[in-house]
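What follows is a single structure, written as structure tokens, with notes after it.
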Amino acid sequence: MTIVIVGAGDIGRYIAALLSKEQHNIVLIDKNSKALETAALNMDIAIRHGSGTDWQLLDDLMELSPNLLIALTDDDETNLVSCAIAKHLGYPRTVCRVRDNRYLNRTRLDFARIFDVDYFLGPELLVADDILKYMLSPGSLFVENFSHGAVQMRTFTVPAKWRKFDQPLSQLNLPAGMMVGLIRRASTSPNKKEVIFPHGSDFILPGDEVTFIGETEVIAEAHHFFGISQKVVHSVVIVGGSLTGLNLAKLLEQRNMDIRIIEKDYAQCSFLADQLPKCSIINHDPTDYAFLLSEKIGRTDVLAACTGCDEVNLMVGMLAKQAGCQDIVAMLSNTSYMPLVSQLGLNYTVSPRISAANHILSQILSGKVTSLVSLYDNQAEIIEVNVSVDSKVVGIPLSELGPMLPKDFLIAMIQNRGRIMIAHGNRIISPGDTVIVITTPRHMQELEKIF
């Protein structure tokens, strides 16, 4: 597939690198020649110096028969105009990044129709929603919904007191309606963990990160199986009045939580005060440890570090941990910092890059794939797939299908006419079913052939 990406910023470069590894032909456009040169040195992509609003540049690229244009600059208007021009020139599909949520509101105007946008992408809003889902499921490392909320995925860390480590999965007697989808375990190499696609003969050990997937009502009680306690979040401190912080505060205001926002810039504090009447806005440096102690940060239920600087977010997280806060969320744009998170004692991380990538990949595979979640730095992916009439797996019992599939390719759940079913061996996939698959990125292209 040939994909044109407008914008060589953090998200644009990350998406370009990811799609290039997936063997797509990528053309990256930006007005910053230095950013383009840096990208070209590190990736197998083509670059074009210019603007996404230059119709002649986009027209010249039509000779490559592009399948998709993704506009990812920091300027909403540039992205909207780029998509409109591309569609009028004959680009089949467009994806537009927007920072202003008003473009997503269709009560009066349909901006998707006005600007010929097939899919809007708001990374800052997606990240805020990820943080909210974590806060509503305290103790979980990851939370994601599928099948319009009927299926949920959650990841827990198995406590040290777990005593069933000598029982294989086939003998664990898990609650009906859920299954173990992934296990992440410390490997023999220092600071590295292996990702296991579990089968009945595998074991769950103390300290493992276990991902469950199943019916939402059942998964909501999964923590009881491991004896993990959960507490309700009443108070939240948001560090950083960024767009993500603002979006998160608006979501939390609807749930009547006690919200404080710490922001260093006075002008931004004034803006936040106008936007968030139910929040307490504090103008101060969040890396001031004495200040954090005076604000009794240790008593807050969750602290979310959402500044635009990864290093500040990590520093605030460490200081808040030292001040006694037990639940800390950090927003990180640079995914290379992810291995440091557990060492620093942070509970949960979110990334605008990863959130955007998940949604863009689902759009590239749209038609069969309706959603996609990437875990552990793209070592595993959980995918929701629509089964076509001519699928090769229709009518074959999973017990017979299993040996034909790779070991790291698991069919987890089947949704048939609204009914959610665990993918046991006697299940049969029918045309029109929605199937949730757990696999590695290298099997992505096989999905379209199989389903």
Item checked: Audit row: Tyr91, Val4, side-chain contact (heavy atoms from CB on, under 4.5 Å) steps and yes/no -> CA-CA 10 Å; Tyr91 283 64; Val4 176; 4.0 Å; yes
Item checked: Derivation of the side-chain contact (heavy atoms from CB on, under 4.5 Å) call for Gln415 and Val151 -> CA-CA 9 Å; Gln415 185 180 37; Val151 176; 6.0 Å; no
Next item on the list: Tell me, with the steps shown, if Tyr103 and Glu77 meet side-chain hydrogen bond (donor to acceptor under 3.5 Å, both in side chains).
Entry: CA-CA 10 Å; Tyr103 288 118; Glu77 287 70 30; 2.8 Å; yes
Margin query: One pair to check against side-chain contact (heavy atoms from CB on, under 4.5 Å): Met135 and Arg255. What are the steps and the verdict?
Written below: CA-CA 11 Å; Met135 290 181 181; Arg255 297 181 178 272; over 6 Å; no
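Closest approach of Leu36 and Ala8 over heavy atoms only: CD2-CB, 4.2 Å. For the pair Ile11 and Pro352, the tightest heavy-atom approach, listed with the atom from each and the gap, is CD1-CB, 4.3 Å. In terms of heavy atoms, Met179 sits closest to Ile422 at N-CD1, 4.0 Å.
With rounding to the nearest 0.5 angstrom, the CE atom of Met153 is 6.0 Å from the OG1 atom of Thr211. Rounding to the nearest 0.5 Å gives a distance of 7.5 Å between CG of Asp265 and CG of Asn283. To the nearest 0.5 angstrom, Cys306 atom SG is 7.0 Å from Asn313 atom CG. If you take CZ on Arg260 and CG on Leu303, they are separated by 9.0 Å, rounding to the nearest 0.5 Å. Rounded to the nearest 0.5 angstrom, Asp202 CG and Leu169 CG are separated by 6.0 Å. For the atom pair Ile204 CD1 and Leu174 CG, the distance stands at 6.5 Å (nearest 0.5 Å).
Scanning for salt bridge (charged side-chain N to carboxylate O under 4.0 Å, His left out) contacts around Glu263 gives an empty result, with sequence neighbours left out. The ring-ring contact (aromatic ring centres under 6.0 Å, His included) search around Tyr348 returns Tyr134, not counting sequence neighbours.
Proximity of a side-chain donor or acceptor of Asp301 to a complementary backbone N or O of Ser235 within less than 3.5 Å is detected. Without hydrogens or angle criteria, Asn334 side chain to Ser336 main chain gives a donor-acceptor distance under 3.5 Å. Here the side chain of Thr216 pairs a donor or acceptor atom with the backbone of Gly149 at under 3.5 angstrom.
Crowding of Asn173 atom CG: a count of heavy atoms from other residues, nucleotides or ligands under 6.0 Å not exceeding 12. In the displayed structure, Lys87 atom NZ is contacted under 6.0 Å by more than 12 heavy atoms of other residues, nucleotides or ligands. For CE of Met318, the number of neighbouring non-hydrogen atoms (other residues, nucleotides, ligands) closer than 6.0 Å is greater than 12.
A donor-acceptor pair shorter than 3.5 Å cannot be found between the side chains of Thr73 and Asp75. Counting only N and O atoms by type, the side chains of Ser242 and Thr244 include no donor and acceptor under 3.5 Å apart.
Looking at heavy atoms from C-beta onward, Tyr376 lies out of side-chain contact with Lys193 at the 4.5 angstrom threshold. Using a 4.5 Å cut-off on side-chain heavy atoms (C-beta onward), Gln171 and Lys164 make no contact. Residues Lys278 and Leu252 fail the side-chain proximity criterion, which asks for heavy atoms closer than 4.5 Å.
A salt bridge links Asp10 with Arg13: at least one charged nitrogen is closer than 4.0 Å to a carboxylate oxygen.
Under the ring pair (Phe, Tyr, Trp, His ring centres under 6.0 Å) rule, Phe212 has a single partner from Phe142, Phe226, Phe225, which is Phe226.
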